[in-house]
Amino acid sequence: MAATEDIDNYKNVSKELNHINSLLTWSATPIELESSEIPKVGGIISKEENGFRVEVTDFEFQRLDRRDRINTIKVKVDNTDYIINGFSIDSSETNLDVVKGKGRFQNICSFNELQSIDFKLNHKTKYKCFISTPISKLPQLHYVFETVTYQDDKTNHFYDCLRIRIDNKIFDLTQIQDHDKGYYLIENFDAMDFESFSEFAYSIKQAFGYVTSYMPGGEEYFFSEELSFYYRNHHRPSIKSMFKPLHYNPYHLLHQKREIAESYLDKLNRMSLKIFSDLVTSIHKHEQFSALILLMLDATSVRSFLVIPSLFAVAIESLSKLIVKGETGKEFLITNPDVSIMILDKLNKVIDDNLDRIGDKNHAKLKARIQGLNRPINKEHLTNDEKLIQPFDQLGITLNENDILTITHRNDLLHGNILLEGDIIKTEGQKDNYMGYVSAKLATLINTLILKYVGYSGYIINHSKFYEESCEIDTKEEYYRLI
């Protein structure tokens with residue numbers, strides 16, 4: 001599988017980056033504000049880590065309610081006109097000079113959106129969205145995805161761009177480094193209005209976050225093809241999650257088990273851009289699937305094995321409802337009657353041989369219970385566990401006994417038994433380790449369903465295997481699972 005496809009894909013983002021850099025230099029920069037709700041006043045504006053700070057000393061601002069967010073405020077900064085939306089007062093104070101008989105009133109303000117005068121939400125055009133991101137959060141994409149090349153005025157970039165196709169619409173997700181700053185750039189190649197582009201971009205961010213365990217977010221700078229500008233900082237923060245589904249380099253997780261890692265060389269997969277596009281499309285078209293991906297990201301961002309299993313229990317049930325296609329009729333698990341009789345005879349013999357250990361009363365109950373061993377399953381009236389196993393069956397995924405045991409624990413978690421009370425695990429340390437194992441096993445099962453659902457075939461990370469040693473468990477499973 002090729003790491004990258006060499007295509008003609010020239011990008012020049014110097015004007016956009018220059019505009020962003022000019023905003024980043026605002027530090028106590030003079031500003032003028034005016035709207036229908038406030039008089040024309042002066043103040044200063046400064047760029048802060050996750051937004052902008054506005055200080056206004058005009059006394060007229062006492063009239064504003066701190067709970068209000070004011071829209072369509074015209075502002076002038078560096079002789080350039082902008083519009084602010086979501087403007088609010090965060091704090092205010094009055095300093096009174098008793099001797100001079102003068103007072104100074106100061107408001108500290110912030111806003112959610114900043115746009116150029118000519119930016120139009122309903123204008124159909126091509127957009128670029130720059131998402132501010134620490135350089136440390138710009139991963140080596142070719143360890144996870146197939147990539148495409150892109151060119152700028154300096155070089156040909158081989159591993160920094162993903163080409164995404166959604167319903168014949170083309171988008172690029174590109175990593176950009178500008179000196180000491182990093183950005184994810186999302187751009188469309190087919191004209192559309194801003195709201196549509198924003199929704200597509202959000203789906204791309206979700207899919208990227210799920211696959212890489214980092215969803216970019218926070219401050220976003222948008223530019224139209226005509227270079228009109230829009231900024232926002234309130235859409236969704238970035239999310240750092242756990243349990244990414246795949247990685248092409250086996251040494252990434254097995255760096256201390258190099259012999260085992262070597263056995264996976266040339267076996268592990270990158271995600272093709274076709275499968276990634278299908279993942280984005282599923283997120284974009286199905287609100288339930290989008291909510292599930294966000295639940296996966298949010299659940300692991302808290303880094304609590306007390307919380308994660310319960311949220312994953314919800315996720316696996318929601319995913320089952322999304323995937324399963326309705327079935328009718330009855331199914332015998334053992335289709336050959338002779339085999340069914342043979343198994344039943346052997347079970348009866350095992351029970352008889354252990355009569356002294358079981359006791360007469362329980363002996364009879366057990367023999368009565370196993371008589372229904374091959375009772376047909378009514379597909380319209382499944383048990384909770386059978387409902388959760390059904391999507392794996394329909395997608396052709398084989399479950400082992402450890403998978404099924406974890407699904408049983410999932411039922412405990414959904415019904416409030418978050419510490420698996422009644423289990424043989426006794427100490428707090430054992431419980432913490434085992435909850436980590438259960439979290440990882442559920443994550444692997446969910447990843448299996450999600451990726452198989454969008455058409456992926458290949459190896460995924462078997463996260464629970466990496467928790468076995470601390471739990472003193474040896475399942476004989478592999479570190480990577482083939483689906």
- Message: Quick check on side-chain hydrogen bond (donor to acceptor under 3.5 Å, both in side chains): which of T475, N433, N462 does E468 satisfy it with?
- Response: T475
- Message: Tell me whether the rings of F197 and Y127 are parallel (<30°), tilted (30 to 60°) or perpendicular (>60°).
- Response: parallel
- Quick check: are there more than 12 heavy atoms from other residues, nucleotides or ligands sitting under 6.0 Å from NZ of K285? no
- Query: Quick one: does NZ or CZ of K128 land under 6.0 Å from the six-membered ring centre of F223, within 45 degrees of the ring axis?
  - Reply: no
- Among side-chain atoms of T147 and E5, is any donor-acceptor pair under 3.5 angstrom? no
- Please report the C-alpha distance between N168 and D190 in whole Å, then the side-chain angles of each, then the deciding distance to 0.1 Å, and finally whether the side chain to side chain donor-acceptor pair (under 3.5 Å) criterion is met. CA-CA 9 Å; N168 298 318; D190 303 276; over 6 Å; no
- Item | S241 to L297 - nearest heavy-atom pair and separation | OG-CD2, 3.5 Å
- Query: Taking NZ, NE, NH1 and NH2 as the nitrogens, is one of them in E220 or R232 under 4.0 Å from a carboxylate oxygen of the other?
  - Reply: yes
- Task: Output yes when a side-chain donor or acceptor of T444 lies under 3.5 Å from a complementary backbone atom of A440, and no otherwise.
- Result: yes
- Message: Surrounding CZ of R369 (heavy atoms of other residues, nucleotides or ligands, distance under 6.0 Å), is the total greater than 12?
- Response: no
- Query: Any Lys/Arg nitrogen of D160 or K11 sitting under 4.0 Å from an Asp/Glu carboxylate oxygen of the other?
  - Reply: no
- Query: What closest approach, in Å, do A207 and V280 show between heavy atoms, and which atom pair accounts for it?
  - Reply: CB-CG2, 3.5 Å
- Task: Describe, in one word, how the ring planes of F208 and F145 are oriented to each other, choosing from parallel (under 30°), tilted (30 to 60°) and perpendicular (over 60°).
- Result: parallel
- Using only heavy-atom distances, determine whether the side chains of N156 and Y150 contain a donor-acceptor pair under 3.5 Å. no
- Taking it one step at a time, do Y264 and E478 satisfy side chain to side chain donor-acceptor pair (under 3.5 Å)? CA-CA 10 Å; Y264 289 105; E478 299 290 336; 2.9 Å; yes
- Taking atom types as modelled, find out whether S228 and E226 have a side-chain donor-acceptor pair closer than 3.5 angstrom. no
- Message: Within the 4.5 Å heavy-atom criterion, are T149 and H157 side-chain neighbours or not?
- Response: no
- Message: Quick check for you: to the nearest 0.5 Å, what is the distance between Y10 atom OH and D152 atom CG?
- Response: 7.0 Å
- Task: Kindly give the heavy-atom pair with the smallest separation between M435 and P309, and that separation in Å.
- Result: CE-CG, 3.7 Å
- Task: To the nearest 0.5 angstrom, please state how far the OH atom of Y183 sits from the CD atom of E16.
- Result: 12.0 Å
- Query: Within a reach of under 6.0 Å around CG of N12, are more than 12 heavy atoms found that belong to other residues, nucleotides or ligands?
  - Reply: yes
- Message: Can you confirm if the aromatic rings of Y437 and Y434 lie within a centre distance of less than 6.0 Å?
- Response: yes
- Query: Crowded around E287 CD? As in, over 12 foreign heavy atoms under 6.0 Å?
  - Reply: no
- Message: Do K244 and H463 pair up side chain to side chain, a donor and an acceptor below 3.5 Å, judged on atom types alone?
- Response: no
- So, for C161 and L141, which heavy atoms are closest and what is the spacing to 0.1 Å? N-CD1, 4.2 Å
- Message: For a 4.5 angstrom cut-off between non-hydrogen side-chain atoms, does T448 reach I460?
- Response: yes
- Query: Can a cation-pi geometry be assigned to R165 and F189, taking NZ or CZ under 6.0 Å from the six-membered ring centre and within 45° of the ring axis?
  - Reply: no
- Query: Between K257 and E262, is there a salt bridge with N-O shorter than 4.0 Å?
  - Reply: no
- For the atom pair CD1 (I461) and CG (N447), what is the distance rounded to the nearest 0.5 Å? 8.5 Å
- Taking atom types as modelled and ignoring hydrogens, do the side chains of Y456 and D278 form a donor-acceptor contact shorter than 3.5 angstrom? no
- Task: Kindly indicate, with the supporting measurements, whether the criterion ring pair (Phe, Tyr, Trp, His ring centres under 6.0 Å) is fulfilled by Y143 and H252.
- Result: CA-CA 9 Å; Y143 281 130; H252 173 67; 7.9 Å; no
- Just by distance, do the side chain of K126 and the backbone of E187 share a donor-acceptor pair under 3.5 Å? no
- Which atom pair, heavy atoms only, marks the closest approach of E146 to L162? O-CD2, 3.6 Å
- Within the side chain of S340, is there an N or O that forms a donor-acceptor pair under 3.5 Å with the backbone of N336? no
- How far does CG of D193 sit from CD of E199, to the nearest 0.5 angstrom? 8.5 Å
- Is a donor on one side and an acceptor on the other found under 3.5 Å between the side chain of D172 and the backbone of T174? no
- Query: With F392, which of I404, I407, D403 fulfils side chain to side chain contact (heavy atoms under 4.5 Å, CB included)?
  - Reply: I407
- Message: Would Q206 and S290 count as a side chain to side chain donor-acceptor pair (under 3.5 Å) here? Give the steps.
- Response: CA-CA 8 Å; Q206 286 179 251; S290 171; 2.9 Å; yes
- Message: Set out, in order, the CA-CA distance, both residues' side-chain angles and the distance that settles ring pair (Phe, Tyr, Trp, His ring centres under 6.0 Å) for Y248 and H142, then state yes or no.
- Response: CA-CA 8 Å; Y248 182 72; H142 66 285; 8.4 Å; no
- Query: Do the ring centers of F119 and F229 come within less than 6.0 Å of each other?
  - Reply: no
- Quick one: CZ on R481 to OG on S464, what's the gap to the nearest 0.5 Å? 8.0 Å
- Note on the structure: Rounded to the nearest 0.5 angstrom, the CE-OG distance for M271 and S277 is 10.5 Å
- Query: Hey, do the aromatic rings of Y231 and F52 have their centres closer than 6.0 Å?
  - Reply: yes
- Query: With a 3.5 Å cut-off and no angle check, do the side chains of R236 and Y202 form a donor-acceptor pair?
  - Reply: yes
- Donor-acceptor contact below 3.5 Å, side chain H286 vs main chain Q288: no
